[in-house]
Amino acid sequence: MKLQAVKGTFDILPDAQPYWHHLYSAAERVLTRAGVRELTPPVFEHSDVFVKSAGASSDLVVQKEMYTFTDAGERSLTLRPEFTPGVLRAFVEHGMYTLPAPVKLWCKGPIFRAEKPQRGRFRQFHQVDCEFLGLASPLVDAEAVTLLYRVLGACGLKNLTVRLGSVGDPEDARAYNSYLRDELGKRATELSEMSRERLRLNPMRVLDAKDEGDQKIVGTLKRPLDFLNDEARAHFGAVQRFLTDWEVPFEIDDSVVRGLDYYRRTAFEIHHAGIGAQSALGGGGRYDGLVESLGGPATPGVGWAFGVERVLDAMEQDGVEVPRSPGPTLFLVPMDDEAISEVAKLASELRSSLSVHHAYSRRNPGKGLRDADRSGARFAGLRGERERERGVYTFKNLRSGEQHEVSEADLKTFLGARLKDVR
RNA sequence: GUGGAUGUAGCUCAGUAGGUUAGAGCAUCGGAUUGUGGUUCCGAGGGUCGUGGGUUCAAAUCCCAUCAUCCACCCCA
């Protein structure tokens, strides 16, 4: 058995951590300022939570990609394949529907789907998710889209494309689907094999067929937006007006199709060129009715999520610079055996207020200063026989090369003063 | 589920008319320097050549199988 991470999973190594922190802190900053509060749901839930939310037509597609297992108590549990159902479960379980609406929640963490890996697609990956519950107003849809856009902007991304659409209310979607089945059914023989298969399983998918002949046929059809009822149309118009007013760029794309049944009205995606075939960084939409179908009180809601790995990929493509994690303030070098434990003890004491690293074996000054330099330390502190005799450390500023002796008693004040100077 | 590409040192990669002890750069460790860093110079350690089988006097190299990784299709919460 080779020692190797499970297919579709990976380690986030120390060198990569600054990028992750940068992204998460950008998200936290933007969302917190907007009054969105963090909620951390468990990584797994009763399978029902995800199965019920997926809906009837989605479960063929979706359930086979869920990591489901039975625990020792014969409970069927599932590693979350998305955040929304778990957040809604928590929302209901804790009576958050009594809070003033909208209740705005966000979360972050790993997500699990048993898909075949490729660029931007893994079996364990990470999402930042945001949910706005309790209000059906288009104002909330617009705020949701805006915050998604702002979070990604705060990550340093340029050239984002927001695609905005509406799937209407359930009866609109049903009407459009049967329209598609009728019209495309008549011309099924002209369609490619793939589109015929899509027509059978999910007619809306025919709209983004890549085959040229298919696209000609699609061009003659009415669009999903033509089927919106008056209220849904007005809602969609209001969302657009808010976004325009708030100077959030977007394009209308009525082929934004959400795979899950629970979406109503607003649907949106945000894309970035240059991260491969999986170009969607994230997306979301309105899901009025979902809380109720999970067994809670009727509650309108809208939410989104984005894939952290894809955003990091996009950041890399855009050349986003992230501050390197700083080295220690001080690096201590023991120059004889007795000094090894002395510097370890001193480091331990100084760490109550400073970042202090040290070498773990006897080093000559050349090697010791090289170690200190490589650690990125600002100062080095050398300790050997000479220093011990005089009760001092030899301190060297690694940037200026300036060096003096500092008595053990003055160490902290010396460092404090030095740091002030440097700043 | 389908297709293509790729697996050689910790990392990035050379290395095919099959032929001695499989190389480089980076990284690590040591020395130049047993009390003064970044640059430089010298040296060392580190390899089941993904795995298994086959062909051959001889396989990293050719053949078959298998596993893994990457990319794309499909799908996409």
Side-chain angles (χ1 to χ4, degrees), chain A residues 1-10 13 15 49-51 53-55 57-66 78 80-87 111-122 125 127 129 192-195 197-198 201-202 204-205 208-211 256-263 267 269 275-280 282-285 287 290 303-307 310 327 331 333-336 339 359 361-387 394-403 405:
Chain A
M1 184 72 193
K2 205 174 174 186
L3 235 39
Q4 185 176 43
V6 172
K7 183 196 283 287
T9 71
F10 56 91
L13 297 173
D15 285 347
V49 172
F50 300 118
V51 172
S53 75
S57 82
S58 320
D59 47 49
L60 279 181
V61 199
V62 160
Q63 276 188 48
K64 67 173 185 192
E65 308 218 319
M66 299 201 308
T78 296
R80 60 186 178 213
E82 58 169 332
F83 270 114
T84 306
V87 173
I111 296 287
F112 306 86
R113 297 180 191 172
E115 300 190 273
K116 186 158 172 176
Q118 66 181 78
R119 185 172 184 183
R121 173 177 285 183
F122 311 92
F125 62 104
Q127 286 189 339
D129 173 277
S192 67
E193 192 181 334
M194 187 167 290
S195 286
E197 182 66 8
R198 283 174 166 178
L201 296 172
N202 186 358
M204 298 261 274
R205 281 280 168 199
D208 37 42
K210 282 164 189 161
D211 183 273
V256 173
V257 174
R258 307 268 79 196
L260 291 190
D261 289 347
Y262 58 62
Y263 284 104
E269 291 178 349
I275 58 167
Q278 305 298 319
S279 69
Y287 49 74
L290 179 55
W304 50 254
F306 67 80
R310 290 186 190 177
F331 190 101
V333 178
M335 296 191 292
D336 59 24
S361 58
R362 179 164 47 83
R363 306 297 267 162
N364 65 42
K367 286 286 189 289
L369 286 168
R370 197 182 61 181
D371 293 346
D373 191 59
R374 287 179 182 180
S375 78
R378 184 178 294 171
F379 298 101
L382 307 178
R383 176 73 165 190
E385 197 181 342
R386 285 187 206 163
E387 285 80 5
T394 297
F395 268 76
K396 180 155 189 171
N397 182 325
L398 291 169
R399 295 186 193 166
S400 67
E402 153 197 30
Q403 171 176 318
E405 293 187 342

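First the proteins, then the strands, lettered A, B, ... as listed; each starts at 1. What's counted below: heavy atoms across the whole structure, side chains too, no hydrogens, waters or symmetry copies.
- Within 4.0 Å (heavy atoms only), E197(A) reaches no atom of the nucleic acid at all.
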Open item on the list: side chain to side chain contact (heavy atoms under 4.5 Å, CB included), that's the test. Do T84(A) and D129(A) meet it? Break it down for me.
Closed with: CA-CA 8 Å; T84(A) 306; D129(A) 173 277; 3.8 Å; yes
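- Using a 4.5 Å heavy-atom threshold, the side chains of K396(A) and L382(A) count as separate.
- Contacts of T9(A) classified as side-chain hydrogen bond (donor to acceptor under 3.5 Å, both in side chains), with partners at least two apart in sequence or in another chain: none.
- One interatomic measurement links the two molecules: CZ of F10(A) to P of C70(B), which rounds to 10 Å at whole-angstrom precision.
- Partner of P81(A) under the side-chain contact (heavy atoms from CB on, under 4.5 Å) criterion, out of E65(A), M66(A), E115(A): M66(A) alone.
- Protein atom CZ of F379(A) is 22 Å distant from nucleotide atom P of U36(B), rounded to whole Å.
- U36(B) atom C1' lies 14 Å from atom CZ of F331(A), rounded to whole Å.
- Here the P atom of nucleotide C76(B) and the CD1 atom of I111(A) are 18 Å apart, to the nearest Å.
- Within 4.0 Å of R198(A), counting heavy atoms only, lie sugar-phosphate atoms of the nucleic acid but no base atom.
- Between E65(A) atom CD and G1(B) atom P the separation is 11 Å, expressed in whole Å.
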Distances under 3.5 Å only, N/O to N/O: pair up the protein atoms with those of nucleotides 2-8 of chain B.
| residue | atom | partner | partner atom | Å |
| --- | --- | --- | --- | --- |
| U2(B) | O4 | K116(A) | NZ | 2.5 |

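- Residue-level contact check: A277(A) touches the backbone only, with heavy atoms under 4.0 Å from sugar-phosphate atoms and none from bases.
- Across all strands shown, T394(A) has heavy atoms under 4.0 Å from base atoms, whether or not it also approaches the sugar-phosphate.
- Separating the CG atom of N202(A) from the P atom of C75(B) is a distance of 9 Å, rounded to the nearest angstrom.
- Rounded to an integer number of Å, the gap from F122(A) CZ to C76(B) C1' is 15 Å.
- For A72(B), one of the phosphate oxygens OP1 or OP2 lies less than 4.0 angstrom from a side-chain nitrogen or oxygen of Q118(A).
- The minimum heavy-atom distance between F331(A) and A377(A), with the atom names listed, is CB-CB, 3.7 Å.
- Taking atom P in both G4(B) and U66(B), one finds a spacing of 14 Å when rounded to whole Å.
- Atom CZ of R362(A) has 12 or fewer neighbouring heavy atoms from other residues, nucleotides or ligands inside a 6.0 Å radius.
- Look at NZ on K7(A): it is 13 Å from C1' on U66(B), rounded to the nearest Å.
- Contact annotation for R362(A): no contact, since no heavy-atom pair falls under 4.0 Å across all strands.
- Both G276(A) and R310(A) lie close to RNA chain B; mapped to their nearest nucleotides by heavy-atom distance, the more 5′-ward contact belongs to G276(A).
- Here the shortest heavy-atom pairing between R119(A) and Q278(A) reads O-CG, 3.4 Å.
- Using a 4.5 Å heavy-atom cutoff, the side chains of V87(A) and R80(A) are not in contact.
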Open item on the list: Treating primed atoms plus P, OP1 and OP2 as sugar-phosphate and everything else as base, which nucleotides of nucleotides 37-52 of chain B get B, S or - for protein heavy atoms under 4.0 Å?
Closed with: BB--------------
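- Looking at R121(A), its side chain comes within 3.5 Å of the base of C75(B) through a donor and an acceptor atom.
- Summary of the strand contacts: E387(A) and K210(A) both lie near RNA chain B, and taking for each the nucleotide with the nearest heavy atom, the more 5' one is attributed to E387(A).
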